[in-house]
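Below: one structure, written as structure tokens.
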Amino acid sequence: MKKKITVLTLCAMLFALCVSAEAQQPTKIPRIGYLTGATPDGQSARIEAFRQGMRELGYVEGKNILVEYRYAELKPDRLPALAAELVRLKVDVIVTSAGGMTRAAKEATNTIPIVMAQDNDPVANGFVASLARPGGNITGLFNVAPEISGKQLELLKEIIPKLSRVAVLGSSANNQGNVRQLREIELAAKAFKVKLQYLVVLSPKDIEAAFRAAVKGRADAVLVLPGSIFNSRRTQIVKLAAKSRLPAIYNRSEYVVDGGLMTYGASLPDLDRRAATYVDKILKGIKAADLPVEQPTKFELLINLKAAKQIGLTIPPNVLVRADRVIK
């Protein structure tokens, strides 16, 4: 009888020890990879917006979420190695800040979910099968709404009342995103009685030739459509616009920060904040393939008065008052 009691006691003690050990097992903290081609300073506002989005969903870095940040620091050739490093770390999700980063992550893995914080045409770029049904391991946010381009032309008309000709720079006539935007621009151009000159830029070497063509075509202004070629040559484009004394409007705030005249487009920090929602859903078990790609909902107008003064342009007060940010 005593032997049986001893055995039962030992069994109970072992069971209690096992339960205690299991209770002490640390909970696995999800690890996120954030891949950007920018520098830490250049990406700080967008990263803070992403962190804010994560905090709003209950995630606190270092406590219940870990984030591995990788910066290519304006050196695109570093992206493949940085993406491969995140894959080796076995992160649960990779967040990419733009198309070049998404491509690098896509080439590094087809299993780890990838969340695009923004892309100008994820279908044409081969990242998703469709916006409604991405299909693979990539989903996220689309940074272009077709109506943006029509609004950009409207803004040019407001700052240049006698606007009659506009040169439109696009990276491809076959790019579906560009096609949709051109349709909106054409509608606006018809309403404002403005003639359009479409200039295709297939490589960086075509940029200078495009501005020469715009000047030769007597353009009153330039509208630059979204495209990786343009984003990677922002400084060159801004300088050429100033040299040609052509008012230009862009779709990303970085152009104005780099000295460009005006930008109207999706708020990139807001897209980064919304990217956190995708991360949360994926961590809770939803597949990237089942999460539709969403369009921007918040837009911003930035104006650079230094750039305006440089080309002898006065921005009307009714436009300035609507700006989200004015650089003086």
Side-chain angles (χ1 to χ4, degrees), residues 29-76 78-79 82-83 85-86 89 91-102 104-105 113-120 139-145 226 231-232 234 250-260 263-284 291 293-304 323-328:
I29 299 177
R31 178 177 286 189
I32 310 302
Y34 188 104
L35 181 62
T36 175
T39 62
D41 286 343
Q43 195 71 7
S44 61
R46 291 183 59 187
I47 284 178
E48 180 51 38
F50 174 70
R51 286 171 169 161
Q52 179 190 341
M54 294 298 288
R55 287 194 297 269
E56 289 171 357
L57 293 164
Y59 296 96
V60 179
E61 267 187 69
K63 291 187 177 180
N64 60 352
I65 194 82
L66 299 174
V67 184
E68 299 284 349
Y69 297 99
R70 294 296 182 272
Y71 304 88
E73 305 204 357
L74 306 180
K75 297 175 183 176
R78 293 185 59 198
L79 289 171
L82 294 174
E85 186 178 340
L86 290 175
L89 288 172
V91 294
D92 297 287
V93 184
I94 297 176
V95 177
T96 57
S97 66
M101 292 90 255
T102 304
I114 297 168
V115 173
M116 306 174 292
Q118 57 102 10
D119 191 82
N120 65 334
T139 188
L141 295 138
F142 185 31
N143 69 3
V144 176
N231 295 339
S232 63
R234 289 195 306 270
Y250 313 94
N251 74 307
R252 293 178 60 161
S253 59
E254 292 95 330
Y255 285 94
V256 170
V257 173
D258 289 344
T263 181
Y264 178 76
S267 166
L268 297 186
D270 185 63
L271 293 178
D272 275 85
R273 184 186 61 78
R274 290 172 61 193
T277 301
Y278 282 88
V279 172
D280 176 56
K281 289 178 179 178
I282 289 170
L283 292 178
K284 288 176 177 175
L291 290 171
V293 175
E294 295 180 1
Q295 290 190 341
T297 55
K298 184 177 180 181
F299 305 93
E300 57 185 9
L301 171 63
L302 278 73
I303 297 172
N304 189 324
D324 296 281
R325 181 181 173 190
V326 176
I327 296 177
K328 298 180 180 180

Verify side chain to side chain contact (heavy atoms under 4.5 Å, CB included) between Arg252 and Gln118, making sure each step is shown before the conclusion. CA-CA 11 Å; Arg252 293 178 60 161; Gln118 57 102 10; 3.7 Å; yes
Interatomic spacing from [atom1] in [X] to [atom2] in [Y] - rounded to 0.5 Å:
X	Y	atom1	atom2	value
Leu86	Ile32	CG	CD1	10.5 Å
Leu271	Thr297	CG	OG1	7.5 Å
Asp119	Met101	CG	CE	10.5 Å
Arg31	Ile94	CZ	CD1	12.5 Å
Arg46	Asp270	CZ	CG	11.0 Å
Phe299	Asn143	CZ	CG	10.0 Å

Hey, are the side chains of [X] and [Y] touching, using non-hydrogen atoms and a 4.5 Å cut-off?
X	Y	value
Tyr34	Asp272	yes
Tyr71	Ile47	yes
Gln43	Tyr69	no
Met54	Glu61	no
Glu294	Thr277	no
Tyr59	Leu283	yes

Look only at the side chain of [X] and the backbone of [Y], and say whether a donor-acceptor pair between them is shorter than 3.5 Å.
X	Y	answer
Asp324	Leu302	no
Asn64	Val60	yes
Glu73	Gly37	no
Tyr255	Gly260	no
Asn120	Gly99	no
Asn304	Val256	yes
Thr102	Met116	no

How far apart are the closest heavy atoms of [X] and [Y], and which atoms are they?
X	Y	value
Ser97	Ala117	CA-CB, 4.2 Å
Gly140	Val115	CA-CG1, 4.3 Å
Gly53	Ala276	C-CB, 3.5 Å
Pro226	Asn251	CG-ND2, 3.4 Å
Leu66	Gly62	CD2-CA, 4.1 Å
Lys281	Leu291	CD-CD2, 3.8 Å

With Thr263, which residues qualify under side-chain hydrogen bond (donor to acceptor under 3.5 Å, both in side chains), at least two apart?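 Result, side-chain hydrogen bond (donor to acceptor under 3.5 Å, both in side chains) vs Thr263: none returned.
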Could you please spell out the steps behind the side chain to side chain contact (heavy atoms under 4.5 Å, CB included) verdict for Leu141 and Tyr278? CA-CA 9 Å; Leu141 295 138; Tyr278 282 88; 4.0 Å; yes
Strictly below 4.0 Å, N to O, side chains only: are Arg274 and Glu56 in salt-bridge contact?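 Answer for the salt bridge query: no.
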Between Arg325 and Glu300, does any side-chain N to carboxylate O distance fall below 4.0 Å? no
Step by step, would you call Leu268 with Glu254 a side chain to side chain contact (heavy atoms under 4.5 Å, CB included)? CA-CA 10 Å; Leu268 297 186; Glu254 292 95 330; 3.7 Å; yes
